[in-house]
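I have placed the structure first, in the form of structure tokens, so that the comments after it can refer back to it.
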Amino acid sequence: MSRLLLCALALLLGACASTRERSLYAQLGGRAGIERLVMIAVEKVHDDPRIGELFAQTDLEYLRERLVEQVCQLADGPCEYTGLSMPDTHSGMNLSEREFNWFVEDFEAAMREAGLPLAAQNRLLARLARLRGEIIRQ
Amino acid sequence: MRVVWLYGLLLCAQVAGAADGRLLGSGGVLSVDGAAGGGLVPWAVIAGHSEGREWDVSAAASMLDSGDYDVRAAAVALGWRNRLELSFARLSLGLDGLVERGRFPDRRLDADVIGAKWRLAGDLVYERAPQLAIGMQWRRSRDAGLVGLAGAEDDRGVDVYLAASKLWIAGIGGRRTLASLALRSTQAHQLGLLGFDDTRSLTLEGSLAVFLHPHWLLGLEYRGKPDRLGFAPEDDWADLFVAWLPDKQVHLAFGYADLGSVGGLDGQRGWYLSLRGAAP
């Protein structure tokens, strides 16, 4: 049994070694990759019966542009987010934890569809997740 | 039969409740004791995927064959608003190895576990600090006479545990990684299947699990156990498991567990399988 455990640990740690060299921005496919990802994500979110309504009044083109900037900046790319602060954009929406999670699920599905490597998906998601406190309950 | 009953209950709940508010897998599976977590160890998570005003019901059937014994567990757990978990589990230990050696009458030893878990603070995924929960498990042997003869001082006991769990979205190898620790005060011999002691022991339990893929979880667990039953030493338990989570309703866990010495027979280890369903 202990040998089995050691073997599993070695496997887990072995997986760490790779995939750290390239920047997240490069792993996402640069500006073009991010634009494609955001296009898919906005469509998914908009079509999601659970949260689509939240975007009913949204200018989707404007949303896409700001999201591209934001993802690019979060991925250490050469962009600057030019939109309102997170609390300001979501002010008055009183988004719940559930709605945030549903957005995350749609965003993950979009990353999968865009064919991003799982480690890159998770690194981006981890950075987006840090914004949660400025997004929900505003 | 029990399993049919459990899934019947799930069907009823399917009509009533619907919980979809948390991320896939954030409720773990149901452990043999009924608490949400890994297969053997409770995590600080609330069973199911409830968030906000949601609630849901999970049910699981598990079985393990260790050579001389088999353990079966049926469990059901209610998760309420990602805050409270109420659970019930029936454990059943088959004693073929002891019966064949003429050391025990030909029957199974059963125990019930009623559990409650309260999320004290934190969020498994989104906060820097781990999610914390406190839990209690009221355990009762259904074979008081037999466990008394086997040397247990009591036929019932209460566990109290404090659990801390944390999930890193980009953890080991960029994979979602969960680590969990629980500190338990218990009186139980072998989860209560072999009765209870009058005095309490403090034990430590832990899990480390990695989502190799969004739907596949690989994990290790360790459950410290007391060793206070005179006639038979009791060892810590450990296991290695793979869980498949195709969606928020169905989770299937498959593992290899080492139970050490049980009821005087050493080297008890073997495969286990656990199927969990949730409503909706």
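Below, read A as the first sequence line, B as the second, and so on, with proteins coming before strands; counting in each chain starts at 1.
Considering all non-hydrogen atoms of both residues, A:A119 and B:G173 come closest at CB-O, 3.9 Å. Contact record, B:L23 with A:V104: CD2-CG1, 3.9 Å, taken as the closest heavy-atom pair. Annotation for B:G174 and A:N122: closest pair O-ND2, 2.7 Å, computed over non-hydrogen atoms.
Rounding to the nearest 0.5 Å gives a distance of 8.0 Å between CD1 of B:I169 and CD of A:E108. With rounding to the nearest 0.5 Å, the separation of OH in B:Y126 from CD in A:E97 is 10.0 Å.
Within 6.0 Å of CH2 on B:W80 lie no more than 12 heavy atoms contributed by other residues, nucleotides or ligands. Taking a 6.0 Å sphere around CD of A:E69, one finds it holds more than 12 heavy atoms contributed by other residues, nucleotides or ligands. More than 12 heavy atoms of other shown residues, nucleotides or ligands fall within 6.0 angstrom of atom CZ in A:R112. Within 6.0 Å of the CH2 atom in B:W244, the count of heavy atoms belonging to other residues, nucleotides or ligands does not exceed 12.
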- Residues A:R132, B:D123; criterion side-chain contact (heavy atoms from CB on, under 4.5 Å); working and verdict: CA-CA 12 Å; A:R132 177 177 178 262; B:D123 186 281; 3.8 Å; yes
- Derivation of the side-chain contact (heavy atoms from CB on, under 4.5 Å) call for A:R50 and B:D20: CA-CA 10 Å; A:R50 301 175 298 181; B:D20 175 32; 2.6 Å; yes
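Near-neighbour residues of residues 79-90 of chain A relative to chain B, defined by a heavy atom under 4.5 Å from a heavy atom of that chain, are none.
Ion pairing between a basic and an acidic side chain is recognised when a charged N comes within 4.0 Å of a carboxylate O; A:E105 and B:R22 show no such pairing.
Two residues are said to be in side-chain contact when any heavy atoms from C-beta on lie closer than 4.5 Å; B:S26 and A:N101 fail this criterion. Within the 4.5 Å cutoff, side-chain heavy atoms of A:L125 are placed close to those of B:R176.
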